[in-house]
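Here the structure comes first, spelled out in structure tokens, and everything after it is commentary.
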Amino acid sequence: QVQLVESGGGLVQAGGSLRLSCAASGSPFSINAMGWYRQAPGKQHEFVAAITSGGSTKYADSVKGRFTISRDNAKNTVYLQMNSLKPEDTAVYYCNADKSWLTVVGGGGYWGRGTQVTVSS
């Protein structure tokens, strides 16, 4: 079993930055890929970014050039650096992880409880 705990959310003005963290514990050897999703009020769960243990990444078009995903394998932690934030980035951000890359980018695996990000205009 893997537990994921997100942190770093908050309130920021448009154009500002936030850095989210997600720490994995339990059975970290079960993890290869880790990712971030978000869900805004009244909208569907949306893929944001994902990264493998080797550092390969994938981003949603809506965040390319503004968000950067990274990870520290020694700490079993994945980060999401969010720059040039927009009001439409407001959402609860969730971390997920799994041994399978396809599972993570497909919206499966282990999940955290989320952290709120609010971007004011």
Check your understanding: Under 3.5 Å, side chain of N96 to main-chain N/O of V104, donor-acceptor pair present?
Key ->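 Between the backbone of V104 and the side chain of N96 there is a qualifying donor-acceptor contact (under 3.5 Å).
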Shortest non-hydrogen separation from [X] to [Y] and the atoms involved:
X    : Y   : answer
S17  : S84 : OG-N, 4.4 Å
R71  : N73 : NE-OD1, 2.7 Å
P87  : A14 : CD-CB, 4.1 Å
G109 : D98 : CA-OD1, 3.6 Å

Check your understanding: To which residues is W101 joined in a hydrophobic cluster, defined by side-chain heavy-atom contacts under 4.5 Å among Ile, Leu, Val, Met, Phe, Trp and Tyr, whether direct or through other members?
Key ->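 Besides W101, the hydrophobic cluster comprises Y37, F47, V92, Y94, L102, V105, W111, listed by chain and residue number.
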Exercise for review: Share the residues that join V5 in a hydrophobic cluster, the rule being Ile, Leu, Val, Met, Phe, Trp or Tyr side chains under 4.5 Å apart at the heavy-atom level.
Suggested key: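 Members besides V5: none; it forms no cluster.
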Check your understanding: For M82 and L20, what are the C-alpha separation, side-chain angles and deciding distance, and is it a side-chain contact (heavy atoms from CB on, under 4.5 Å)?
Key -> CA-CA 8 Å; M82 305 185 295; L20 306 183; 3.7 Å; yes
What distance do [X] atom [atom1] and [Y] atom [atom2] have between them, rounded to the nearest 0.5 Å?
X   : Y   : atom1 : atom2 : value
Q81 : S21 : CD    : OG    : 9.5 Å
I31 : T52 : CD1   : OG1   : 13.0 Å
S7  : R19 : OG    : CZ    : 9.5 Å
C22 : E6  : SG    : CD    : 5.0 Å
I51 : Y79 : CD1   : OH    : 11.5 Å
M34 : L80 : CE    : CG    : 12.0 Å

Under 3.5 Å, which donor-acceptor pairs link side chains of residues 53-62 to any protein atom two or more places apart or in another chain?
| from | atom 1 | to | atom 2 | distance (Å) |
| --- | --- | --- | --- | --- |
| S53 | OG | N32 | OD1 | 2.8 |
| Y59 | OH | I69 | N | 2.9 |
| D61 | OD1 | K64 | NZ | 3.2 |

Review point. Under a single-linkage definition using a 4.5 Å side-chain heavy-atom cutoff for Ile, Leu, Val, Met, Phe, Trp and Tyr, are L4 and Y93 assigned to the same hydrophobic cluster?
Key: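 Yes, one cluster joins them.
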Check your understanding: Is there side-chain contact between E88 and V119, with at least one heavy-atom pair below 4.5 Å?
Key ->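 In short, these two side chains do not touch, never coming nearer than 4.5 Å.
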Check your understanding: Under the side-chain contact (heavy atoms from CB on, under 4.5 Å) criterion, do Q116 and T90 qualify, and how do the steps go?
Key -> CA-CA 8 Å; Q116 176 71 45; T90 295; 4.0 Å; yes
Practice item. Quick one: do V117 and R38 satisfy side-chain contact (heavy atoms from CB on, under 4.5 Å)? Show the steps, please. Key: CA-CA 9 Å; V117 171; R38 65 187 181 186; over 6 Å; no
